[in-house]
**Q** 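Mind looking over this structure? Questions follow.
Only heavy atoms go into these numbers, but all of them, side chains included; no hydrogens, no water, no symmetry mates. Here is the naming used below: chain letters follow the sequence lines, and residue numbers restart at 1 for every chain.
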Amino acid sequence: MKTTAFHLVTRKETPQDAEIISHQLMIRTGMIRKLGAGLYTWAPLGLRVLQKVEQIIRDEMNASGALEMLMPAVQPKELWQETGRIEDFGGQLLAIKDRAERDYFFGPTHEEVITDFVRNEINSYKQLPINFYQIQTKFRDEIRPRFGVMRSREFIMKDAYSFHLTQESLEQTYQTMQQAYTNIINRIGLDFRCVLADSGAIGGSGSQEFHVIADSGEDAIMYSDSGDYAANLEKCEAVSLLHERQAPTAALNKVSTPGQKTIEDLCKFLAIDSSQTIKTLLVAGTEKPVALVVRGDHSLNEVKAANLAAVASPLRMIDDEEIKALTGCDAGSIGVKGLDTTIIVDRTVANMSDFVCGGNENDFHYTGVNWERDANFDAIEDLRDAMVGDPSPDGVGTLQVARGIEVGHIFQLGNKYSKAMNAVVLNEQGKSKAMEMGCYGMGVSRMVAAAIEQHHDDKGIIWPANIAPFSVAILPMNYQKSERVKQAADELYAKLQARGIEVILDDRKVRPGFMMSDFELLGIPHQVIIGDRSLDENQVEYRNRTDMESMKINRDTIETVLAEKIKA
RNA sequence: CGGGGUAUAGCGCAGCCUGGUAGCGCAACUGCUUUGGGAGCAGUGGGUCGGGAGUUCGAAUCUCUCUACCCCGACCA
């Protein structure tokens, strides 16, 4: 490709509304352009990268035995009524009507459609296991799209769905998918971790996420510094920090604490550490409000809380009026002593003794509070966020934290959908059985952004070799005037093309500095600079985008040198 | 959806308070010079000032209203 025949429109200035580096660089290089909130056009340059990611995914999925197909993006509402998921997805579903006023959704995911397909196509256990996948545009009406294609409303996803007679078979395919995902992200060339995850609106028993490690990641990943344990913070088990409960040593004491509302204020006022206090949080329950209690220096894990049977999902803190009605005090003074509602405490809290809590009366707290003697709870649960320095839940090592971008998520769904939609097969005994199901998602467009987040410097993108839009850039100095430079550049261009190497030659009439800055921004891995100066010595200059060290290479050997570097 | 903000040329912004012929930088186009680190000079094109309504002799500017977009919180590939 020659630049004058390509669509190359770069910008020197960083766009005003782009917050994270991948978004900025994708706009500056002209890979994408915004059409509306969370809606992006992929320009030819961006599409080249997107298609490389897509092809790597396709290769590995095919190698794993999965079968590619393509389902409609538009789905009849009736399918979603069968599984009752309209509520789960809420406002994220984009609803549309056809000319006859029939209701449809633009698909945010395809469990319903594939299950409908499979219940009609698959009747016998002999046809199982089977794993279908597609690479397709999805739409989710995100409350707040941001970060360019990282969290857009319309995006490209690879989604796969496997069907099985038994749980064992499901687990086998799940493992295969885990391996395929590992292969995919390795081939793309990104640093990632596979972590335990909450399964959210998709449902099912077990799930893991694949996170590309990057400081701008929206998720916190907890991992053991010396073991294999790794989990999304939302899911990460938090162990009790106290092995057993000590016997009370202090007497219960009601103290006046005028105006002390936050834990921080209270600790200063009483000259104690926040780990000696507890936080009592009142949330809406399925029947009555529930008190969730974590230690003063801990934070409530909202995903864990919402997953509790007694707690309403999604999680909602009750408002000031409801608090007043229940406790007689305001939010800053709630405590467990004499509190008349369901009380669920965190594991650590259950083992605390001689602690401090609110007095359920404004401007009063209790010190020296002890369980059983002074107050009781109804259940012990894992309620808090794990923290750096906690013991790893599997007993090996200590937890550390990293930021991650979720690019993949795999689930064991079990028979949630097959039961709801009556997707059954006959087993060996001729008996009808609901199929076991797995599903496996991967964000294709998000992967491109994640790659940039992980691979850039202050000059621009540094593409990993396997997804670079071009492998080699030929940068001729004074291509327009110097016949000798033009000849040398055109010759190398033709030779590389003949070898099937993806090469871009910059034949624009621009000054050298402009050209070099442009290609640093674009991040093409291998760059060859051809100028009269080096041609005098029958040489050209080679530069690698990663280290930017330049070296002179004989003009006659540059072609084979490049071919070897690209193969390596 | 709640809170905050913005909307003027392709991009980044000024002008608005105090109403009077729409401006700057970058980008684009033409010419000349320059050619190994985002060049210089001269010139050119491009805007119903987000939409609608109102006040006024006169509205980018004042008032009302709608819309879009961005940021902060709850969701997810």
**Q** Distance check, C1' atoms only: B/G12 and B/A74, in whole angstrom units.
**A**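 Nearest-Å result for B/G12 against B/A74 at atom C1': 33 Å.
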**Q** Determine the interplanar angle of the A/Phe117 and A/Phe132 rings, folded into 0 to 90°, and report it as parallel if under 30°, tilted if 30 to 60°, perpendicular if over 60°.
**A** perpendicular
**Q** Considering only B/A77, B/G37, B/C72, which nucleotide approaches the side chain of A/Met516 most closely?
**A**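 Ranking B/A77, B/G37, B/C72 by closest atom to the A/Met516 side chain puts B/G37 first.
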**Q** Nearest to the A/Ser152 side chain among B/C69, B/G36, B/A77, which nucleotide is it?
**A**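 Within the option list, the nearest is B/A77.
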**Q** Restricting both atoms to N or O, compile the protein contacts to nucleotides 13-16 of chain B shorter than 3.5 Å, with distance only.
**A**
none

**Q** Report yes if at least one side-chain N or O of A/Arg33 is closer than 4.0 Å to OP1 or OP2 of B/C11; otherwise report no.
**A** no
**Q** Rounded to whole angstrom, note down the C1' distance from B/A22 over to B/U34.
**A**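 Rounded to whole Å, the distance is 35 Å.
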**Q** With respect to the phosphate group of B/C70, does any side-chain polar atom (N or O) of A/Lys34 fall under 4.0 Å of OP1 or OP2?
**A**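 So the side chain of A/Lys34 is within the cut-off, an N or O lying under 4.0 Å from OP1 or OP2 of B/C70.
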**Q** Looking just at side-chain N and O atoms, do A/Tyr161 and A/Asp159 make a donor-acceptor pair shorter than 3.5 Å?
**A** yes
**Q** Give one of base, sugar-phosphate or nothing for A/Ile529, where a contact means two heavy atoms less than 4.0 Å apart.
**A** base
**Q** Taking any strand in view, what nucleotide pairs with B/A22 in a Watson-Crick or G-U wobble way, both distances under 3.5 Å?
**A**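 Partner of B/A22: none found under 3.5 Å.
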**Q** If you only use heavy atoms from C-beta on, which nucleotide in B/A77, B/U34, B/C71 is closest to the side chain of A/Met157?
**A** B/A77
**Q** Using the six-membered ring wherever Trp is involved, compare the ring planes of A/Tyr440 and A/Tyr174 and label them parallel, tilted or perpendicular (cut-offs 30° and 60°).
**A**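 Geometry flag for A/Tyr174 against A/Tyr440: tilted rings.
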**Q** From the options B/G36, B/A77, B/U35, select the nucleotide whose nearest atom is closest to the side chain of A/Glu541.
**A**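 My answer, after comparing the listed nucleotides, is B/G36.
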**Q** When you measure from the side-chain N and O atoms of A/Arg511 to the phosphate of B/A39, is any distance below 4.0 Å, counting only OP1 and OP2?
**A** yes
**Q** Just to verify, which of A/Asp490, A/Asp507, A/Asp506 counts as forming a salt bridge (charged side-chain N to carboxylate O under 4.0 Å, His left out) with A/Lys2?
**A**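 For A/Lys2, the salt bridge (charged side-chain N to carboxylate O under 4.0 Å, His left out) check succeeds only for A/Asp490.
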**Q** Answer with yes or no whether the side chains of A/Glu541 and A/Ser534 bring together a donor and an acceptor at under 3.5 Å.
**A** no
**Q** Given B/C76, B/A74, B/U35, which nucleotide is nearest the side-chain atoms of A/Lys481?
**A** B/U35
**Q** Taking only the C1' atom of each, what is the distance from B/C64 to B/C72 in whole angstrom?
**A**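 Straight-line distance between the two C1' atoms is 29 Å.
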**Q** Taking only the P atom of each, what is the distance from B/G20 to B/A59 in whole angstrom?
**A** 11 Å
**Q** What are the two closest non-hydrogen atoms of A/Glu112 and A/Leu79, and how far apart are they?
**A** CG-O, 3.6 Å
**Q** Of the nucleotides B/C76, B/C1, B/C71, which one has an atom closest to the side chain of A/Ile143?
**A** B/C1
**Q** Using the C1' atom as the reference point in each nucleotide, state the distance between B/U33 and B/C24 in Å, no decimals.
**A** 26 Å
**Q** What's the gap between B/G52 and B/G38 when it is taken at their C1' atoms, as a whole Å value?
**A** 44 Å
**Q** Considering just the side-chain nitrogens and oxygens of A/Arg144, establish if one lies under 4.0 Å of OP1 or OP2 belonging to B/C75.
**A** no
**Q** Kindly point out which of B/G12, B/G36, B/C76 is positioned nearest to the side chain of A/Ser534?
**A** B/G36
**Q** Among the candidates B/C72, B/G36, B/G37, find the nucleotide nearest to the side-chain atoms of A/Pro512.
**A**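 The nucleotide sitting nearest to the side chain is B/G36.
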**Q** Rounded to whole angstrom, note down the C1' distance from B/U61 over to B/G19.
**A**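 Looking at atom C1' only, B/U61 and B/G19 are 6 Å apart.
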